[in-house]
Undergrad: 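Below are the structure tokens for one structure; questions will follow.
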Amino acid sequence: MQRYSGFGLLKHSLSYHENWQRVWRNPQPKKKYDVIIIGGGGHGLATAYYLAKEHGITNVAVLEKGHLGGGNISRNTTIVRSNYLWDESAALYEHSMKLWEGLSQELNYNQMFSQRGVYHTCHTLGDMRTNERLVNANRLKGIPNEMLDAEQLQKEIPALDCSKSARYPVMGASVQRRGGNARHDAVAWGYARAADSLGVDLIQNCEVIDMEINDGKITGVKTKKHGVIKADRVGCVTAGNSGVLAKMAGFELPLESHPLQALVSEPIKPFLDTVVMSNHVHGYMSQSDKGDLVIGAGIDGWVGYGQRGSYSIIEHTIQAIVELFPCTSRVRMNRQWGGIVDTCPDASPVISETPIKNLFFNCGWGTGGFKGTPGSGNVFAHTLAHGKAHPLAEPFSYYRFHTGALIDEHGAAGVAH
Amino acid sequence: MSQKNRLQSGGRIDRSKALTFTYNGRQYKGYQGDTIASALLANGVDIVARSFKYSRPRGIVAAGAEEPNAVLQVGATEATQVPNVRATQQELYDGLVCGATNGWPSVESDMMGLMGKVGGNMMPPGFYYKTFMYPQSMWKTYEKFIRMAAGLGRAPKEVDQDEYDAVNQHCDLMVVGAGPAGLMAALTAARSGARVIIADEQSEFGGHLLSSRERIGGKSAADWVADIVEELASYPDVLMLPRSTVNGYHDHNFLTINENRSDYKGDKAPADQVRQRMHRVRAHWVVLATGAHERPLVYGYNDVPGCMIASAVSTYINRYGVVPGNKLVLMTTNDSAYQTALDWADAGREVVAVVDTRAKAEGDLVEAVRKRGIKVITGSAVIEVSGKKRVSGVTVAAIDAKGDKVVGGAQHMSCDTVASSGGWSPVVHLSCHTGSRPVWREDIFGFVPGPTVQKQLIAGGINGTYALEKVLAEGVEAGREAATRLGLTAADVQLPNVRSLSEGKAMELYHIPHTKPTSRAPKQFVDYQNDVTAAAIELATREGFEAIEHVKRYTAMGFGTDQGKLGNINGMAITAKSVGQTIPETGTTVFRPNYTPIAFGAIAGRNCKELFEPKRFSAMHKWHEENGALYEDVGQWKRPWYFPKAGETMQQSLDRECKAVRESVGILDASTLGKIDIQGKDAREFLARVYTNAWAKLGVGKCRYGLMCKEDGMVFDDGVTSCLGENHFLMTTTTGGAAGVLEWLELYHQTEWPELEVYFTSVTDHWATMTISGPNSRKLLAELTDIDLSNDTFKFMDWREGSVAGVPARVFRISFTGELSFEVNVQANYGLHVWEKLFEHGAKYNLTPYGTETMHILRAEKGFIIAGQDTDGSVTPHDLGMSWCVADSKPFSYIGKRGMMRSDCVRKDRKQMVGLKTKDPKVVLPEGAQAVADPKQPIPMDLLGHVSSSYWSANLNRSIALGFVKGGLERMGETVYYPLADGRVIEAEICSPIFLDPKGERQNV
Amino acid sequence: MLHIYCPHCCELREEEEFHAKGQAHIARPLDPDNCTDAEWGNYVFYRKNPRGLHHEIWYHSTGCRKFFNVTRDTQTYAIKEVYKIGEQPQVVAEG
């Protein structure tokens, strides 16, 4: 792998940037792999990388129906945090956070991971209680998290309206200072480049149209372009299409696919240096390094695969943002878009074996997928390598919806972004 | 400064209305009818921006929504600042203040430009992914500097004083764009009797006809437009919206139109007017007549001020009477741009040459240009521009027939303006908003709208139709088709006579070759706003970013505020060529709303502050206000939280309120509790299915507490339900849960058990509810009611009908405090009267109003749960220690029963709700504190559960708490520890959650 | 934004008047107590979630408060039919 550095940039500028190597090959698929990963999004590419890097399994193909990193990894609002309520989730997301913290260097690809702080504003006594509970749980689990009162919050975020005149005045906030943003595309590309350099075949424009299953055991997948490709194990990481893939395997998943919308303003001069989320008034915002205000909208209530949702959601979101940040009223919204999120009833993912032997699913990340990318890939790689769940993934079993051992992140965490 | 580029006559400006405006602190003149851009050009202002990455000087390129450079800060005062206003779309008004958004000390001489020159070569696409990584700790510092360069304009620091509103519109036909096609479509539909809305982003209707010198039906284009507009105005069912941008096209023919109501006359809306209005339109049919944007060509240093698109040059001359230079070189791949040479020459300025990339140029316009004696150089291209802050000349060279390489020697020409045209790109944006992919048309080298499920028609430029006579005909055809589809008789509209031009075949060319390879050639800009060059795109594809989305993201092409209206097709073409594919194989990126940016305020409308969400008040709210209540937001309700007296701390108020209830009598406004009237012969059976406990034997006149679960066995609401008649019940719910519970009941009735005869009606707002609680409550109420309140006839958990304070009332003897309590319900409009009467009579008992906080303390003393505070969707009735409220012997398997039996729900070590007594009775546990068995264990600790409710109990003179502990119900008397953030560790004993009167005697007196 | 025909009000109304309630035609087991954990879990949580035609329940929450069924394409969002609770869809997916 060609190493990136400031010096390298200088060197290449002298040769008019004509000699940069490809970031990844475009290989033809082999007939058989040890592991096939369906889905070349962030989680799939991370899985491939950790399989090769940590488990020495390099005879791996990632089959992507479009282009690498073309799913939700490129459509999210880039928030990273690990302040989840339940022990199981906090452990998984904190595992991810620790990986984020050295990821640029590990991948030699700048993830622009910026720990600018994630604030959850509280607008009711209930919000305060919920956040206190969260902060205490996190702290004792080794995930620093703290409460601020409204006065302190106002000092840290001048643009936020902490006055009493708001419809739901801000009473305080919890802040995870290690939370922040990362550059979404860099995550996909960084993992892809690193995985490719370890020998993983990244096959783009390769749609999986069926699965080869015999006696309850998967032996390969059928692709539109390259016919059947055999594999000992198959991992399915196809957010937004998990249900479609499950149908091929002949089972249903405990999830539904919904549109989740986001929007950005035009780029403006520095306005907000942190991530602010309000579950109560339903809006959250950060500002990108380019100056765009990046805003998350709510989830549409119906199943939708169209990568677009309803305008009323955008209206409510903008209302929330103007309510929280009144000085944005004259800032202009540039663009909106939608992703497809697979949401489980308990707002926690499924990282699990399935009713089909040797077929594993990693899905249902809902609105939490981006921040979970490194951790998800890491534990799923372990799961695929060992044929059984990584200890951190065990609670996220497909079967928890039978036993009732749910990890309910909506109850206390509101809209889990 | 004189308007040196202003023509003496012509154009649609009003020379009798001179306007003064300020740009970058300097005053200029313009006329009514100008845009900022036309006025700046008239005044000879060349530089309007510094580019984002390289800080290169940039000038005005276009005349409309596609302008990438002239993006200004507008606003005379702090509160009226608007960032990123496109100068080509902002109408000039007297006193307008604007400025460039970047450049230090000024946009004319920017220090960063130096950096761009020196460091520019170090900034290929994605350079930031490749550096700033080491050491890890330095990224924060690097980023600080990167962020300093962020953004174009700035947000105001003061709050917007203007208002915005929204209007819902319904129409038969929505016509987007009022150019020749749109006008004809609207006219045809209107004549056919359709209800029509026609909207256009420009200040007046006419589209490109406003800058055209064509004649239509023997009239000037402008007069023809005026006649059509006059006729449209005569139809009462036609709504015409100029200055109105259709910014989004959503599913099921829902469109949003952002109408500019006042930005064209000032930065602050006049009193009593809104600044902008959103029209939320449902249209039966839509005609998109959005026209086309001219594509610039991509050539060396094509960003030097003075490089423009050809049609924009014509627009400035014909519409605004402004010639943006003195000596023009025009480069084109097609015939239509020759009109610009004619316009320029007619304005009396010099056309140095027309450089046509085609080997052969023929066609009526070409001939007209030749006849004027203008030099036409064929088979050639402008390969490079010279000049720094303004074009000073061009290098022209012969190119091969495909336009791939330079084949002839170069010649230099001196000029100050370069107009280019690479053909036209249909404005397909809106058609893509609903998920339809555009399709490539080889014959026009452009994308047109693809198949769609929307009821959408297209006409004119968007359809790749550019000849005026055909555009008019398509407009009529679209209008007729819409009318027919609407079930109307389509009117005949005669097409006016227009000049028919013969045109030579255009050449497909996007990227002009240079003598040097692209990587070494002078920068050839594709996306001006984001400084994306042809070399950058080629580099991206060399590195493996071959999908168009990859190229877009890696280079940032199309991510600007112009969303790539000028550059995207050129970028796709360069990508396609670079990876050896056709353009349709390469595909297009997806256009999303908004078409052009829209103020947040306009989208939010009036729904902020007071109207962000409605506030709900009880009938006694006036009294609460007068008596100094502080409020708690519960759902949309404003509930009294507590009633402080002068000089009291919150705790003192609560202590006083709590004691008053236990010692004498207090009163709570409980009107906000959800109330659902349930009737029908199967009402009782229905209750038994949705509650966990038994309902079969509840007699008329009796009340019962019930728990409600979802199918997973988790508690989601609770409340008291009373039997009003054999087939008639009144259910109460939590304040926040009311709507959800009603929906839940309806869901099960309508979809699962429609055979049950039962009806639900929300009566929450119909009743005012006041809870009188305390040992003196009976005495007090007895003074005002005809109901026999004696313990023998009116027992605990009974209800009675009668009169209270002279009005009909239902009185429920139920208790959430554990005291003798009566809940008085009267018709809501009598509420205040009864409440005041109670206070008149209550003075002698020291009747004390209490709020939600005291109510919470009093119930916690009794160990009663609050659904939503002590539950979180993960607790079963058994977890709450409320197995007494679960009747598994009921014949029907009620909702939640099976869920509670799942293997995980019957584990012994589940988190269970218990009481908690701190070892030090003066210490109150913070709510949310987490229990551990051993506070000395290392982090991460093993957490046992959290404190859900915790208070100082004045009555018990100690702290009390409810909380969850793993296996807690079996651990009575054990000690748990709560390590707090401030380092304290609070020790507490697990106990029964009932702290006061465990036998329940006080409520039974 | 969806425009939904309420079969009870017999009018097209804005989506904002409705709540989506998920997959239709999931019958509550008649004898829950004798379902296995897996059977019960499947009923409560597991869904078809199709990319294409979806039969789903909607609630006219700020209108007539009636539930009804909708057949909708989850990719184009086109509504193919609405029908009352207890009725069967006329438009069904192939295969």
Undergrad: Quick check on B/K609: does its NZ atom have over 12 non-hydrogen neighbours (other residues, nucleotides or ligands) under 6.0 Å away?
TA: yes

Undergrad: Classify the side-chain pair B/Q276/B/N258 by whether it contains a donor and acceptor separated by less than 3.5 Å.
TA: yes

Undergrad: Any donor-acceptor pair under 3.5 Å linking the side-chain atoms of A/N138 with those of A/E94?
TA: no

Undergrad: So, is the end of the B/K130 side chain (NZ or CZ) under 6.0 Å from the ring centre of A/Y109 and within 45° of the ring's axis?
TA: no

Undergrad: Given that the side chain runs from C-beta out, which part of A/Q111 has a heavy atom under 4.5 Å from chain B: side chain, backbone, both or neither?
TA: neither

Undergrad: By a 4.5 Å heavy-atom criterion (distance strictly below it), what part of A/D185 contacts chain B: side chain, backbone, both, or neither?
TA: side chain

Undergrad: Please identify, among A/R116, A/Q307, A/R400, the residue contributing the most non-hydrogen atom pairs under 4.5 Å to chain B.
TA: A/R116

Undergrad: What part of A/F325 gets closer than 4.5 Å to chain B, counting heavy atoms only: side chain, backbone, both or neither?
TA: neither

Undergrad: Examine whether an atom of A/R193 lies under 4.5 Å from a heavy atom of chain B, and if so say whether it belongs to the side chain, the backbone or both; otherwise answer neither.
TA: neither

Undergrad: Among A/P345, A/G142, A/C327, A/G291, single out the residue with the greatest number of heavy-atom pairs under 4.5 Å to chain B.
TA: A/C327

Undergrad: Taking only Lys NZ, Arg NE, NH1 and NH2, and the carboxylate oxygens of Asp or Glu, determine whether B/D872 and A/R133 approach each other closer than 4.0 Å.
TA: yes

Undergrad: Would A/E101 and A/Q115 count as having a side-chain donor-acceptor pair, cut-off 3.5 Å?
TA: yes

Undergrad: Check whether A/R25 gets within reach of chain B through its side chain, its backbone, both or neither, counting any heavy atom under 4.5 Å.
TA: neither

Undergrad: Which atoms of A/S288 come close to chain B, meaning under 4.5 Å heavy atom to heavy atom: side chain ones, backbone ones, both, or neither?
TA: backbone

Undergrad: Validate the cation-pi geometry between A/K290 and B/F52: distance from NZ or CZ to the six-membered ring centre under 6.0 Å, angle to the ring axis within 45°.
TA: yes

Undergrad: Is chain B contacted by the side chain of A/V264, its backbone, both, or neither, given a heavy-atom distance below 4.5 Å?
TA: neither

Undergrad: Looking at A/P270, A/S104, A/A137, A/P326, which has the largest count of heavy-atom pairs under 4.5 Å with chain B?
TA: A/A137

Undergrad: What part of A/S165 gets within 4.5 angstrom of chain B, counting heavy atoms only: side chain, backbone, both, or neither?
TA: both

Undergrad: For the candidates A/S265, A/S74, A/A188, which exhibits the highest count of non-hydrogen atom pairs separated by less than 4.5 Å from chain B?
TA: A/S74

Undergrad: Which one wins on heavy-atom pair count under 4.5 Å against chain B: A/R167, A/K269, A/E132, A/Q319?
TA: A/R167

Undergrad: Is A/D127 reaching over with its side chain to a backbone N or O of A/H123, donor-acceptor style, under 3.5 angstrom?
TA: yes

Undergrad: Salt bridge check: are A/E146 and A/R139 linked by an N-O gap of less than 4.0 Å?
TA: no

Undergrad: Just checking B/Y129 against A/W189, ring centres under 6.0 Å apart?
TA: yes

Undergrad: What part of A/D87 gets closer than 4.5 Å to chain B, counting heavy atoms only: side chain, backbone, both or neither?
TA: side chain

Undergrad: Do you see a donor-acceptor pair shorter than 3.5 Å between the side chains of A/W20 and B/E543?
TA: no

Undergrad: Would you check if there is a donor-acceptor pair between the side chains of B/E538 and B/T518 at a distance under 3.5 Å?
TA: yes

Undergrad: Counting heavy-atom pairs closer than 4.5 Å to chain A, which one of B/Q563, B/E610, B/E549 comes out on top?
TA: B/Q563

Undergrad: Let me know if A/I295 has heavy atoms under 4.5 Å from chain B in its side chain, its backbone, both or neither.
TA: side chain

Undergrad: Is it the side chain or the backbone of A/N205 that comes within 4.5 Å of chain B heavy atoms, both, or neither?
TA: neither

Undergrad: Measure distances from A/I407 to the heavy atoms of chain B and classify the residue's part below 4.5 Å as side chain, backbone, both or neither.
TA: neither

Undergrad: So for A/F401, is it side chain, backbone, both, or neither that comes closer than 4.5 Å to the heavy atoms of chain B?
TA: backbone

Undergrad: Where does A/D161 contact chain B at under 4.5 Å (heavy atoms): side chain, backbone, both or neither?
TA: side chain

Undergrad: With chain B as the partner, which of A/L125, A/I314, A/I321, A/L293 has the greatest number of non-hydrogen pairs under 4.5 Å?
TA: A/L125

